[in-house]
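The structure appears below as structure tokens.
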Amino acid sequence: MTGIIMFIAALLLLSVGYPVAFTFGAVALFFGLIAAFVELLPDPSVAMVADEFFSMFSMMPFRIYSIMTNTILMAVPLFIMMGIVLQKSELAERLLESMGVLFGSLRGGLAISTVLVGTLLAASTGVVGASVVAMGVIALPVMLKYGYSKKLATGTICAAGTLGQIIPPSIVLIILGDVFQLPVGDLFKAALAPGLVLVGCYILYIAVVALINTKVAPAIVIDSAHKKGAVRRALFSIIPPLALITMVLGSIFMGVATPTESAAVGALGAMVLAAMYRKLSWQVVMDASLDTVKITAMVFAILIGATAFSMVFVYTGADYIVEDFMTSLPGEKWGFLILSMAAILLLGFFIDFIEISYIVVPILLPISEIIGINPMWFAILIAMNLQTSFLSPPFGFSLFYLKGVSPPEIRTVDIYKGVVPFIMIQMLVLASIVIFPHLYGFS
Amino acid sequence: KKVRWKLAMTWSSTLTPFATAPFNLAKMVEEMSGGNFVIRVEGAEKHKAALGILDMTKGGQYEMGHSASYYWKGKDISTVFFCTVPFGMNVDEQNAWFYHGGGMELMQETYDKFDVLSFPGGNTGVQMGGWFQKEINSLEDLKGLKMRIPGLAGEVFAKLGVNVTNIPSGELYTSLDRGTIDALEWVGPAMDIKMGFHKIAPYYYTGWHEPATELQFLINQKAFEELPPEYQTMLVTAMKAVTADLYTDNFAGSVEAWSQMKKDYPNIVVKTFPPEVLAAMKQAADELYDAYAAEDPFFKKVWESQKEYMEKARTWTQISEYNYINTVNQLSE
Amino acid sequence: MLHRTEQFIHRLVNWVGYLLAVLLFLMVLNVTFDVMMRYVFRASSVGMQEMEWHLFSVIILFGVGYALQHEAHVRVDFLYDRMREKTKAIINIIGTLFFLVPLSLLILFGSFSFVGDSYLAREISEDPGGLHYRWLIKSMIPVSFGFLIFSAIGYIIANINRLRS
Ligand code: NA
Ligand code: NA
């Protein structure tokens with residue numbers, strides 16, 4: 001019961017608008033105090049409650065140290081670094097513009113090329129923030145300029161920017177690998193097919209919408225005199241980032257580097273690329289590093305807040321209640337699967353994937369093992385589901401990232417409405433993995 | 001009188017048979033005390049501090065811990081002897097040393113400074129030497145070999161030119177599969193089968209480096225002293241029972257897992273390092289012990305106690321267990 | 001007076017930020033170097049591999065305070081965006097005083113025995129060729145939360161100044 005109140009208290013306090021990380025920590029603090037009090041009933045003294053409380057929080061250094069020594073998490077700053085260097089050196093921008101030219105004469109072509117670039121960025125960065133921000137800055141003005149509807153434009157950017165979650169390398173998959181104790185490389189492999197199916201569905205959706213409604217995604221007209229040169233320039237801009245992506249993925253698959261290490265190689269590779277285009281300066285490296293420090297710290301502050309939260313959550317015994325509730329479900333495998341997916345989806349509307357991964361998944365994991373659910377399949381289902389948490393109003397991170405870089409005429413409501421069809425596509429694909437696991441290579 | 005304790009494990013709650021021991025301990029103690037002595041067991045997935053067990057037991061956040069002594073090598077090098085050391089004793093010899101050769105006393109002397117009590121926590125028996133992508137036929141083959149092998153064994157290998165690499169356990173399978181590393185050491189069939197290494201590496205080398213890995217129960221000294229004497233006895237008795245069970249469970253688990261592996265992957269080649277390589281390893285290990293002993297008199301004291309007892313015990317092992325298996329094997333040949 | 005204190009803290013925190021940016025760049029080089037050594041030269045140093053997470057730890061721990069000053073911590077802002085500047089400043093002051101600072105103090109003081117145990121045992125790496133002085137990297141936990149409190153004081157002052165203007 002205390003645990004559920006904790007969640008509600010956290011949600012209420014979060015909506016006040018103080019940073020998420022410290023709000024989680026504060027809720028942990030407050031409920032830790034209550035838990036210490038309850039633990040010592042019927043006769044708690046101030047000294048004993050304080051003692052119990054401090055003893056509980058003296059666990060925090062151990063938890064923080066575990067985060068510090070978890071070298072898989074090192075991929076977070078490294079992937080962010082690579083994404084930001086690509087963005088700051090304007091390489092990502094070139095890539096998008098070039099793709100727009102190549103696909104531009106098709107109706108909906110600009111949106112489709114945004115999805116494709118999102119896929120490429122997803123295959124190289126794995127960091128949703130970087131790709132959403134980059135594409136928001138570059139693609140949104142272009143799409144609006146060519147008369148795209150606000151809803152389709154913002155929805156496409158959010159959905160495409162969030163693809164990094166499921167298309168390897170991916171931080172969600174790295175974190176799930178840590179929680180599930182599954183080889184990250186195997187998870188990456190398993191996520192490829194579902195990710196590509198999702199990309200296909202996005203493109204199909206955009207093509208159909210553009211076909212039915214001529215106003216939402218008009219074609220770009222380039223006069224034929226410019227066309228030849230434009231195509232060549234476009235190819236020139238696309239090939240190098242592709243080479244970088246091949247290098248990063250290649251170094252993982254060829255066994256040169258672990259996924260974590262390949263992120264560092266990618267970050268350095270992005271700098272080399274930027275240097276080749278004469279876009280690299282000390283200022284770019286410094287700015288990229290400073291931005292990476294900020295975003296990384298933001299992510300890890302949430303991790304630290306979340307670990308305090310889950311520590312108190314466990315201390316109050318709330319995890320046993322959720323566990324009992326989940327295990328007592330009828331229908332065994334299917335009942336559990338449907339409910340856990342629904343629970344994650346619901347939680348995803350409010351809290352972030354990192355918290356879900358570390359708080360909720362460890363509760364579901366032992367139960368899924370008892371039921372005998374293929375952990376790889378379960379992990380991919382959760383990863384697909386967590387993607388939605390990035391997109392789902394009101395707290396989806398992608399929505400905030402995009403809002404932060406949008407022109408003022410884009411209102412939050414536009415973005416909220418824009419992502420709805422894409423969320424529905426994600427749920428359809430998720431359902432297809434649940435119903436036809438063998439089609440995606442799961443037994 | 002109602003007593004509530006908490007126990008933290010280095011492993012997750014699902015890691016059988018390691019985690020089975022503390023859970024059974026809690027069950028036994030609760031039943032023996034008529035429900036009055038309750039121990040809540042928490043795996044690493046809850047406390048998130050797999051290698052903080054000694055500190056947390058010392059600090060009193062947990063009254064008990066279940067771990068392995070060699071994890072505290074960085075705090076005190078002598079702790080390795082209460083787990084296992086390369087070219088050390090086998091299970092029978094080590095148990096005899098613990099209970100009849102002064103081992104328990106030396107262990108407690110080591111752990112006194114941490115204000116905790118230490119007890120044996122179940123043995124894995126001889127651990128396998130690890131999974132290799134290529135054969136080791138000479139010392140030359142070890143040079144530059146990329147291997148994940150922690151602890152003293154890693155130090156021995158490093159001396160022989162092996163490229164000792166730290167890889168987080170979540171990335172081990174991929175790393176071995178893709179050749180990021182050439183070899184790795186884990187435990188034995190019962191636990192290795194879950195990691196799936198047998199699917200990707202052809203050679204399974206026999207053990208030398210962890211001949212009798214003993215896990216460990218840690219108890220906060222103050223908490224133990226505050227227990228009523230009958231609860232102390234219950235706890236010590238239950239620890240001894242689950243410790244024996246763990247050895248049996250792990251042995252049986254390896255019997256099953258090994259027959260399964262051989263059935264599913266008949267091409268696994270079991271290899272033993274050639275004498276030249278083993279001799280070099282032994283020499284490197286001895287040099288290492290000598291170096292530590294020169295620096296640390298207590299290390300020297302424990303090492304000599306083990307060495308002395310091992311020499312004495314080995315002559316008996318030779319004409320009893322070892323001879324029995326050998327002669328019976330000759331019959332069937 | 002308050003403005004000068006704000007500027008002083010601001011400069012110091014920024015200076016730490018620059019240091020972290022340099023450490024991040026070093027970490028990228030460190031990881032790449034280790035990959036190169038292993039793949040090309042078939043050699044590796046456990047010490048260098050441990051240096052990776054040492055650098056990483058310093059970046060994530062001290063970055064929290066730097067990110068606070070630069071408003072990089074994520075907020076749920078559908079209400080916050082609509083508030084007046086003064087209301088925002090009040091939320092930030094109260095939140096920092098009652099959420100952030102107590103949590104940081106707890107972690108700071110709660111980690112003394114964690115670091116002390118390591119120091120007294122002269123703890124070193126448990127792996128061959130690993131780094132010594134484990135207590136040093138462990139001590140980054142209390143030090144960084146001290147830094148976070150320092151940055152938080154600057155943040156509170158900045159918001160008081162915002163409130164007064
Ligand atoms: Na990705
Ligand atoms: Na082992």
Side-chain angles (χ1 to χ4, degrees), chain A residues 13-23 25-26 28-29 54 57-62 64-65 67-71 73-74 77-78 81 251 256-257 260-265 267-268 285-286 289-290 292-305 308 352 394-395 397 400 412, chain C residues 17-18 20-25 27-32 34-35 38-39 49 52-54 56-57 59-68 70 72-81 83 88 91-92 94-96 98-100 102-103 106-107 109-111 113-115 137-138 140-142:
Chain A
L13 273 177
L14 280 174
S15 55
V16 173
Y18 194 68
V20 172
F22 311 120
T23 308
L29 220 76
F54 286 126
F57 270 84
S58 63
M59 286 288 297
M60 275 305 285
F62 293 97
I64 294 172
Y65 189 64
I67 295 172
M68 289 158 63
T69 48
N70 185 346
T71 47
L73 293 178
M74 263 170 33
L78 296 172
M81 180 83 170
S251 68
V256 176
T260 309
E261 292 169 336
S262 74
V265 178
L268 213 62
V285 175
M286 197 52 164
S289 300
L290 281 173
T292 308
V293 167
K294 278 180 224 161
I295 297 176
T296 305
M298 180 269 285
V299 171
F300 281 93
I302 291 178
L303 255 184
I304 291 169
D352 176 37
F395 298 153
F397 273 30
F400 292 127
T412 315
Chain C
Y18 281 117
L20 296 180
V22 172
L23 292 184
L24 177 76
F25 189 67
M27 181 181 132
V28 171
L29 291 180
N30 190 169
V31 178
T32 314
D34 288 345
V35 175
R38 190 179 62 229
Y39 191 70
Q49 290 172 52
E52 293 173 9
W53 69 259
H54 278 63
F56 165 71
S57 299
I59 294 163
I60 60 171
L61 287 172
F62 286 85
V64 178
Y66 177 69
L68 179 73
H70 289 270
H73 289 294
V74 166
R75 302 169 188 267
V76 173
D77 57 1
F78 67 93
L79 287 177
Y80 187 80
D81 265 355
M83 290 171 186
K88 286 182 185 173
I91 286 180
N92 287 335
I94 292 176
T96 309
F98 293 99
F99 290 7
L100 197 161
L103 182 72
L106 259 182
I107 296 174
F109 289 103
S111 56
S113 74
F114 176 74
V115 178
I137 190 67
K138 286 186 171 179
M140 289 300 115
I141 296 175

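A quick note: this is a predicted structure, and the numbers were derived from the prediction, not measured. So that the names make sense, note that chain A is the first sequence line, chain B the second, and so on, each numbered from 1.
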Practice item. Let me know if A/Leu13 has heavy atoms under 4.5 Å from chain C in its side chain, its backbone, both or neither. Key: side chain
Review point. For C/Leu29, is it the side chain, the backbone, both or neither that has a heavy atom under 4.5 Å from a heavy atom of chain A?
Key: side chain
**Study point:** Structural part of C/Phe109 lying under 4.5 Å from a heavy atom of chain A
**Key:** neither
Point to revise | Contacting moiety of A/Leu29, where chain C heavy atoms sit under 4.5 Å | key: side chain
Exercise for review: Kindly indicate whether the side chain of C/Phe99, heavy atoms from C-beta on, has any atom under 4.5 Å from the side chain of A/Thr23.
Suggested key: yes
Review point. Which value, rounded to the nearest 0.5 Å, describes the distance between C/Ile60 atom CD1 and A/Thr296 atom OG1?
Key: 9.0 Å
Exercise for review: Work out which heavy atom in C/Ala21 is nearest to a heavy atom in A/Leu290; give both atom names and the distance.
Suggested key: CB-CD2, 3.8 Å
Check your understanding: Any side-chain heavy atom of A/Met286 sitting closer than 4.5 Å to one from C/Phe25?
Key -> no
Revision key, fill the gap. Residue from A/Ser58, A/Ala28, A/Gly305, A/Ala26 scoring the most non-hydrogen pairs under 4.5 Å with chain C is A/Ala26
Practice item. Dump the intermediate steps for side chain to side chain contact (heavy atoms under 4.5 Å, CB included) on A/Ile64 and C/Leu61, then the final yes or no. Key: CA-CA 9 Å; A/Ile64 294 172; C/Leu61 287 172; 3.8 Å; yes
Check your understanding: For C/Met140, is it the side chain, the backbone, both or neither that has a heavy atom under 4.5 Å from a heavy atom of chain A?
Key -> neither
Point to revise | Check: A/Tyr18 side chain, C/Ile91 main-chain N or O, donor-acceptor pair, under 3.5 Å | key: no
Review point. Got a second to check how far C/Lys138's NZ is from A/Phe62's CZ, nearest 0.5 Å?
Key: 7.0 Å
Revision key, fill the gap. Sequence neighbours excluded, the answer for side-chain hydrogen bond (donor to acceptor under 3.5 Å, both in side chains) partners of C/His70 is C/Asn14
Exercise for review: Taking the side chain as every heavy atom from C-beta outward, state whether C/Met27 and A/Met81 have any pair of such atoms under 4.5 Å apart.
Suggested key: no
**Study point:** Beyond-backbone contact of A/Met68 with C/Phe56, side-chain heavy atoms, under 4.5 angstrom
**Key:** no
Study note, to complete from the structure: To the nearest 0.5 Å, atom OH of C/Tyr66 lies from atom CE of A/Met298 at 14.0 Å
Revision key, fill the gap. Pair count under 4.5 Å, heavy atoms only, with chain C: among A/Ala301, A/Ala267, A/Ala21, A/Ala308, highest is A/Ala301
Check your understanding: If you look at every heavy atom in A/Ser289 and C/Leu24, which pair is closest and at what distance?
Key -> O-CD2, 3.6 Å
Practice item. Check whether A/Met74 gets within reach of chain C through its side chain, its backbone, both or neither, counting any heavy atom under 4.5 Å. Key: both
Check your understanding: Which distance, rounded to the nearest 0.5 Å, do you find between the CD1 of C/Ile59 and the OG1 of A/Thr292?
Key -> 9.5 Å
Practice item. Name the region of A/Phe22, side chain, backbone, both or neither, that has any atom closer than 4.5 Å to a heavy atom of chain C. Key: both
**Study point:** Close side-chain approach of A/Phe54 and C/Leu106, heavy atoms under 4.5 Å
**Key:** yes
Practice item. Under 4.5 Å, counting heavy-atom pairs only, tell me which of C/Ile94, C/Asn30, C/Val115, C/Thr96 racks up the most with chain A. Key: C/Thr96
Exercise for review: With rounding to the nearest 0.5 Å, note down the distance linking OG1 in C/Thr32 to CG in A/Leu78.
Suggested key: 8.0 Å
Point to revise | For the student: nearest non-hydrogen atoms of A/Met60 and C/Ile107, plus distance | key: CE-CD1, 3.9 Å
Exercise for review: Determine the minimum heavy-atom distance between C/Val28 and A/Ala264, stating which atoms define it.
Suggested key: CG1-O, 3.8 Å
**Study point:** Residue pair C/Ala67 / A/Lys294: nearest heavy atoms and the distance that separates them
**Key:** CB-O, 3.9 Å
Check your understanding: Does C/Ser57 have any side-chain hydrogen bond (donor to acceptor under 3.5 Å, both in side chains) partners at least two apart in sequence or in another chain, and if so, which?
Key -> none
